[in-house]
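Please read the structure below before turning to the comments.
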Amino acid sequence: MGKGRYSIVFNSLTGNTKKLADTIYAVLPKENCDYFGAPKEGGLYSEMLYIGFWTDKGNADKSTLTLLSTLKGKKIFLFGTAGFGGSDAYFQKILDHVKRSIDSSNSVVGEYMCQGKMPPSVRERYMKMKAQPEHPESIDALIENFDRALSHPDGNDLERLRKVIV
C-alpha cells in the first residue's frame with residue numbers, strides 16, 4: 001500500500017491514536033513521508049493520506065471530520081481508536097459514520113480501528129453513577145469495559161495494524 005508519497009494526519013486525545021500513527025510511520029518508507037502530525041490548514045499534497053481519529057459519540061472527532069470534508073481526489077486510509085466496543089461490528093459502525101464526511105472524489109483504500117484506553121475521569125464518573133440508588137443496569141459492564149480498555153492499544157492491536165499496512 002505505501003510505495004509512493006504519503007502523509008499521516010491524526011488527532012489523539014489520550015495518546016492512543018498517536019500509537020497507531022507511530023506504528024504506521026514505522027512500517028512505511030520514511031523518505032516518502034510528506035507530513036506527520038495533527039491536521040493543519042493546507043499543505044496536504046500527498047495523494048495518499050493516513051488519517052487517524054479518536055472516537056467522539058460514535059464518530060470521528062470534530063477536527064478530523066472537518067479535515068475529511070475538505071479533501072478531494074485523495075486515497076485515504078482511516079485509522080482510529082474507541083474506548084467502547086471491542087467488537088468489529090461496533091468499529092465498522094463508527095467507520096461507516098466517518099466515511100459519510102468524505103467526498104466521493106476520494107477513495108478509502110483501507111481502514112483500521114481498535115480499542116483505546118480512556119481517561120481516569122471516565123471511571124470516576126461510572127463509580128459515582130454506581131453509587132446512586134437508581135444507576136443504569138449496564139454500569140458494571142461499563143466499568144468492566146473501562147478496565148479492559150486500559151491496556152489498549154496493545155501489542156496485538158499494533159501488530160494487526162502493521163499487517164494491514166504492509
Side-chain angles (χ1 to χ4, degrees), residues 1-120 122 148-166:
M1 192 178 304
K3 304 287 186 260
R5 308 292 308 169
Y6 67 91
S7 292
I8 301 172
V9 185
F10 62 95
N11 275 312
S12 188
L13 187 64
T14 59
N16 298 328
T17 305
K18 184 176 185 327
K19 282 185 182 179
L20 300 184
D22 289 341
T23 298
I24 294 169
Y25 184 69
V27 170
L28 297 174
K30 313 274 179 292
E31 65 276 7
N32 292 351
C33 185
D34 295 323
Y35 180 77
F36 180 91
K40 63 177 186 168
E41 293 286 322
L44 293 178
Y45 303 111
S46 308
E47 181 183 343
M48 180 69 205
L49 301 176
Y50 294 84
I51 299 182
F53 60 90
W54 56 275
T55 302
D56 185 19
K57 299 177 191 84
N59 207 335
D61 61 272
K62 190 174 280 189
S63 176
T64 299
L65 292 174
T66 299
L67 169 68
L68 288 170
S69 70
T70 66
L71 299 174
K72 304 276 190 259
K74 302 289 186 183
K75 292 179 185 170
I76 299 170
F77 182 98
L78 291 171
F79 64 98
T81 57
F84 293 100
S87 81
D88 289 338
Y90 177 69
F91 293 148
Q92 193 57 57
K93 189 175 177 183
I94 293 167
L95 287 162
D96 290 344
H97 281 131
V98 174
K99 289 181 208 173
R100 291 183 194 147
S101 296
I102 300 174
D103 184 82
S104 62
S105 69
N106 299 293
S107 58
V108 177
V109 298
E111 54 193 41
Y112 180 82
M113 279 200 73
C114 69
Q115 192 167 31
K117 68 182 174 299
M118 295 173 270
V122 172
R148 194 172 40 252
L150 284 174
S151 64
H152 292 275
D154 63 15
N156 290 334
D157 298 324
L158 301 178
E159 184 56 32
R160 281 197 332 270
L161 175 58
R162 279 186 205 93
K163 288 179 180 174
V164 170
I165 297 298
V166 280

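- Side-chain N or O atoms of R160 include none that pairs as donor or acceptor with a backbone N or O of G155 at under 3.5 Å.
- The CZ atom of F79 sits 11.0 Å away from the CE atom of M113 when rounded to the nearest 0.5 Å.
- The shortest distance between side-chain heavy atoms of Y6 and K75 does not fall below 4.5 Å.
- Side-chain N or O atoms of D34 include none that pairs as donor or acceptor with a backbone N or O of S7 at under 3.5 Å.
- For NZ of K163, the number of neighbouring non-hydrogen atoms (other residues, nucleotides, ligands) closer than 6.0 Å is 12 at most.
- Two residues are said to be in side-chain contact when any heavy atoms from C-beta on lie closer than 4.5 Å; V98 and N59 meet this criterion.
- Rounding to the nearest 0.5 Å gives a distance of 12.5 Å between CG of N156 and CG of L161.
- Here T17 pairs with T81 under the side chain to side chain donor-acceptor pair (under 3.5 Å) rule; sequence neighbours left out.
- Closest of all the heavy-atom pairs between S69 and T66 is OG-O, 2.7 Å.
- Every side chain to side chain donor-acceptor pair (under 3.5 Å) that D103 has, sequence neighbours left out, goes to S105.
- Partners of K57 under the salt bridge (Lys or Arg N to Asp or Glu O under 4.0 Å) rule, at least two apart in sequence or in another chain, do not exist in this structure.
- Listed for the Y50 side chain is no donor-acceptor partner under 3.5 Å among the backbone atoms of F36.
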**Request:** Check step by step if salt bridge (charged side-chain N to carboxylate O under 4.0 Å, His left out) holds for K18 and D22.
**Result:** CA-CA 6 Å; K18 184 176 185 327; D22 289 341; 2.9 Å; yes
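- I102 pairs with exactly one of L65, L71, I51, L68 by the side chain to side chain contact (heavy atoms under 4.5 Å, CB included) rule, that one being L68.
- In this structure, D157 and Y112 have side chains that are in contact, with non-hydrogen atoms separated by less than 4.5 Å.
- Using modelled atom types, one side-chain atom of Q115 and one backbone atom of G83 make a donor-acceptor pair closer than 3.5 Å.
- Two residues are said to be in side-chain contact when any heavy atoms from C-beta on lie closer than 4.5 Å; L20 and F10 fail this criterion.
- Panel note: side chain N16, backbone K117; a donor-acceptor pair is recorded below 3.5 Å.
- Between the side chain of N106 and the backbone N or O of G73, at least one donor-acceptor pair lies under 3.5 Å.
- For S46 (side chain) and L49 (main-chain N/O), no donor-acceptor pair under 3.5 Å exists by modelled atom type.
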